A.B. asks: 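Handing you a structure now.
Just so we're clear, the structure is a prediction, and the values are computed from it rather than from any experiment. Lettering of chains follows the sequences in order, A, B, ..., and the numbering in each one begins at 1.
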Amino acid sequence: MALLIDNPIIIKHIRARLRPAQVMPGAVALFCLAATLTWLAFASQRADGQGGGFVFGLLWCLLALVLVVLGSEQVATAVSVARETGILDFHRISPLPPAEVALGFFLGAPIREACYAALLVPFLAATAILAGIPWTSLFDLVATVVFVALLVHAWQLLAALVSRRPRASTRGILLLVFLALGFGASAMRDGSVASISAPTYFGLPLPRALFVGLHTVAATIFLLVAATRQMRDQRAALLSKWQALACLTTVATLAVGSLWTAEPTIALVALLTVVVATGVFCGMPVAVTTGEYLKGVRRARRLGRSAAPPLDDAAASGVAVAGLCLVAVAAAAILGLRLAADWQAWAWPFSIGLLVIATHGFARQYYRLRDGSQGDLLCNLTLFLIWVLPLPLAAAWSASGLDGWTGNLLWEVTPWAGMTQAVIAKAGGAVGGPWPSLFVTGLTTLVFGVLQVRQAAIARREAGAPGPV
Amino acid sequence: MIDIRDLRVDYDRLCAVQDLTLSVAPGEVCGLIGPNGAGKTTVMRAILGLVEPTYGSITVAGVDMRERPRDGFRHIGFMPDQPPLYDDLTCWEFLDLFAASYGVPSASRDGACHAALEQVGLSAKANTLTIELSRGMRQRLMIAKTLLPDPEVIILDEPASGIDPQGRSDLKNMVRELARRGRAVLVSSHILTELQEMCTSVAIMERGRMVVSGPVGDVSRHVMGTTVYTARILAGGETFLRLLESDGRAGVPAEEADGVRFAYAGTTADAADLLTRLVQAGVRVAAFGPRESGLEEIFLKVGARELS
């Protein structure tokens, strides 16, 4: 709370964005539009007992548009302008803690949109009453918009701090979020969601809004942690190694808790997808660039050590990647033991998943140690060549009538094929085993593991030399 | 006030600052000079915590900037060459934002902001949006923002660029006044004649290293080898020349419009002894003192030596 009360950045935004002359035109227009729509709902309900639900949907979409889309545009604009003009550096060198600055932009920049959204809520409630939509659904819908808005605002805040063209880069994401919200609202309004059993967390039933909140707030917090690091130091990695481990642990815990009572096959496939995707994502910030690694080595040598401690920001990511794999194993074991009597059969898809996390982590570290931040391009290209290209190549090979064995092999060497085959085989399907995939993914892990250790040794030798000035 | 020891800063594989040591004491105005790419801005950014040093210590007003940067920032006022302002705030709101950021209590903030505006002659513009200010006014508002929390250390990066002669004169007077009040000032500028008028010490950087630093007179002596003295003699010119020759440390004197100029290899105390002997020998001396070399002269000589 101390970060919110008397937060100078929030006060700045309140002053700049809530001047009556600027707020009034939009507020009046929105009020007139919402009042007209509510009147329309009232008239159509009186005429034929229908139409209220449609108007409710329109108003809800307007709420999402104002809060999620327009609000996040304001966050991106405020941070981009502050960054471009250099005033963000003034906040960086002020005694104000970086978390307070990040929260100030996060909550302050969309303050006008928040007021407009608050103005819409009474009309939304009125049309909900006219359309006979239960209060619980209304609460779930409004809470979902608020939670999603917070998540998207945090994403925009981080994007604006790290990206050169934040607004252009996230416009597509905003559109997707908006469409997803529209479909979600439609389902909730029609009652089709209500027919699905209430969500549970580790077996405990939770209200829908709380369930959505639990997941979005966790994601929002990690985005804000990354934004706070950027506020402190523009060159810092998005997450420290400890934070990346905490991020995967949180996501895995949320996934295990949410899938605690789900059907075993669906639950384990979902967990595999979530844990591998998050593990790969967390492997990015922990990989250190040449410059940072050399800095860590030079600093450590002044203290009589050969390199930075393994979980330091300036250390190579080998130990952190191993930690990420360990978290993924723990999550798989906990849910596997809980749901599947034959949980050992799930060892193969999860093994390939772990090797995917490890290959990505080691490859990114190797290329960043070799080529600095430019190494990301080569890393992405390599992973595309070994993980993605074989899939269309296999399809083309098979379609062109060439030998089927090679086509199959091209498909089977990718980790995705390996995981899919292992899951289908577990379900009793007649497909080949995951061995080619396991072998190739294991080999790439080993190769990149060795390469990154070798590259770190080269960098340590370089740190001993005076270097260019 | 500012104490930098063995500072090294790397940008990827490039070493931007190497083993740099620099001190700026209270009441000192230190001019940081060097060619483009010498590392001046990196040093300033390292003090401000905007770049993370590879190693070395930076202490500001007794606070270790790497251990407790937020505490250190309370003691630093920074003014860049291009003053960035929030265009959607009034002058008073802008100052209030930073007063709150620096922990000025809310009860005294209003008065402090108005006092700061008055100090820079912007009282009448308190409720004007900053976007409506001229370039000079923006610079003055930035000075007000810099001085509002009464920092002990002031860092100025090219402070005089883009302001009119009156503004430059005001800035010079302000810097002198700050030094008189015991503040440590570190200023970087390409306009060396201007630095010369306000600096009491100088630090010359070249390719990430500190070439020479210290009081302007010492640096001048160190770089130029000897000190050039000027004497205005009203009577006893021949005695003056004889004593000068007999001293052995003086160079060949040359007549100039404002007196006689001569190089002197002795210390300040030796020069004082020479003056005493001149007076005792009956020479009427109207003026006698060292003529310090200009910063530009020193900088060019250091640059030439470094490059050779």
Side-chain angles (χ1 to χ4, degrees), chain A residues 6-17 19 22 78 81-98 100-101 104 232-236 289-303 313-314 371-374 459 462-463 465-469, chain B residues 6 8-18 37 39 45 47-56 69-90 92-94 96-103 106 109 129 142 145-146 149 155 206-209:
Chain A
D6 203 24
N7 181 317
I9 313 288
I10 294 180
I11 293 170
K12 178 261 158 192
H13 282 110
I14 289 173
R15 282 176 177 151
R17 301 213 64 228
R19 295 191 201 283
Q22 292 171 335
V81 169
R83 209 179 120 189
E84 280 160 20
T85 57
I87 207 158
L88 203 59
D89 280 346
F90 275 118
H91 293 305
R92 285 191 173 114
I93 62 167
S94 80
L96 212 59
E100 202 168 332
V101 180
R232 184 178 294 119
D233 182 0
Q234 201 179 346
R235 289 168 171 263
T289 60
T290 337
E292 288 301 307
Y293 185 73
L294 288 172
K295 203 180 259 190
V297 172
R298 289 190 176 115
R299 209 175 282 157
R301 283 187 183 166
R302 301 268 294 184
L303 301 169
D313 273 10
D371 303 318
S373 50
Q374 301 293 317
E462 190 184 323
V469 175
Chain B
D6 303 326
R8 179 181 172 126
V9 181
D10 291 280
Y11 292 127
D12 286 331
R13 286 186 156 108
L14 181 85
C15 179
V17 174
Q18 196 165 10
R45 290 178 71 83
I47 297 170
L48 295 165
L50 292 172
V51 293
E52 194 194 10
T54 305
Y55 54 72
R70 299 287 136 197
D71 289 341
F73 292 152
R74 287 183 196 283
H75 304 287
I76 301 178
F78 170 61
M79 203 174 98
D81 54 343
Q82 300 283 335
L85 304 174
Y86 279 119
D87 289 342
D88 50 6
L89 291 182
T90 65
W92 180 88
E93 287 169 348
F94 181 76
D96 186 67
L97 163 66
F98 283 96
S101 298
Y102 277 80
S106 52
R109 256 186 348 235
L129 288 174
M142 188 50 69
K145 178 253 155 200
T146 307
I155 296 176
E206 173 75 36
R207 294 184 208 168
R209 290 176 188 272

A.B. asks: Which answer fits A/Tyr293, side chain, backbone, both or neither, if we ask what part of it has an atom under 4.5 Å from a heavy atom of chain B?
C.D. replies: neither
A.B. asks: Treating B/Arg74 as the side-chain partner and A/Ser94 as the backbone partner, does any N or O pair qualify as donor plus acceptor under 3.5 Å?
C.D. replies: no
A.B. asks: Under a 4.5 Å heavy-atom cutoff, which of A/Ile11, A/Thr289, A/Leu96 has the most pairs with chain B?
C.D. replies: A/Leu96
A.B. asks: If you compare all heavy atoms of B/Pro84 against all heavy atoms of A/Thr85, which two are closest, and at what distance to 0.1 Å?
C.D. replies: CB-O, 3.1 Å
A.B. asks: Return the CD to CZ distance between A/Glu462 and B/Arg13, rounded to the nearest 0.5 Å.
C.D. replies: 4.5 Å
A.B. asks: Can B/Asp88 and A/Lys12 be counted as an ion pair, charged N to O under 4.0 angstrom?
C.D. replies: yes
A.B. asks: Run the salt-bridge test on B/Glu52 and A/Arg299 with the 4.0 Å N-O cut-off and return the result as yes or no.
C.D. replies: yes
A.B. asks: With rounding to the nearest 0.5 Å, note down the distance linking CZ in A/Arg235 to CG in B/Asp12.
C.D. replies: 7.0 Å
A.B. asks: Quick one: CD1 on A/Ile93 to CZ on B/Arg45, what's the gap to the nearest 0.5 Å?
C.D. replies: 9.5 Å
A.B. asks: Any idea which of B/Tyr102, B/Phe78, B/Tyr86 has the most non-hydrogen atom pairs under 4.5 angstrom with chain A?
C.D. replies: B/Tyr86
A.B. asks: A side-chain contact here means heavy atoms from C-beta on lying under 4.5 Å apart; do A/Arg301 and B/Tyr55 qualify?
C.D. replies: no
A.B. asks: At a heavy-atom separation under 4.5 Å, does A/Ala82 approach chain B through its side chain, its backbone, both, or neither?
C.D. replies: side chain
A.B. asks: Out of B/Ile76, B/Thr54, B/Leu129, B/Asp96, return the one with the most heavy atom pairs under 4.5 angstrom to chain A.
C.D. replies: B/Thr54
A.B. asks: With a 4.5 angstrom heavy-atom cut-off, which part of A/Arg92 approaches chain B: side chain, backbone, both or neither?
C.D. replies: both
A.B. asks: Side chain, backbone, both or neither: which part of B/Pro53 has a non-hydrogen atom closer than 4.5 Å to chain A?
C.D. replies: backbone
A.B. asks: Out of curiosity, B/Asp10 CG to A/Arg298 CZ, how far, rounded to the nearest 0.5 Å?
C.D. replies: 4.5 Å
A.B. asks: Can you tell me how far apart CZ (A/Arg19) and CG (B/Leu89) are? Round to the nearest 0.5 Å.
C.D. replies: 6.5 Å
A.B. asks: Which pair of heavy atoms, one from A/Pro97 and one from B/Arg70, lies closest together, and at what distance?
C.D. replies: CA-CD, 4.2 Å
A.B. asks: So which residue, A/Ile87, A/Leu294, A/Thr290, ends up with the most heavy-atom pairs under 4.5 Å with chain B?
C.D. replies: A/Ile87
A.B. asks: Using every non-hydrogen atom in the two residues, find where A/Arg15 and B/Glu93 come nearest and quote the distance to one decimal.
C.D. replies: CD-CG, 3.7 Å
A.B. asks: For B/Leu85, is it the side chain, the backbone, both or neither that has a heavy atom under 4.5 Å from a heavy atom of chain A?
C.D. replies: backbone
A.B. asks: Among A/Ser373, A/Pro95, A/Ala16, which residue forms the greatest number of heavy-atom pairs with chain B at distances under 4.5 Å?
C.D. replies: A/Pro95
A.B. asks: Could you state the interatomic distance from CG (B/Leu50) to CD (A/Gln234), rounded to the nearest 0.5 Å?
C.D. replies: 8.5 Å
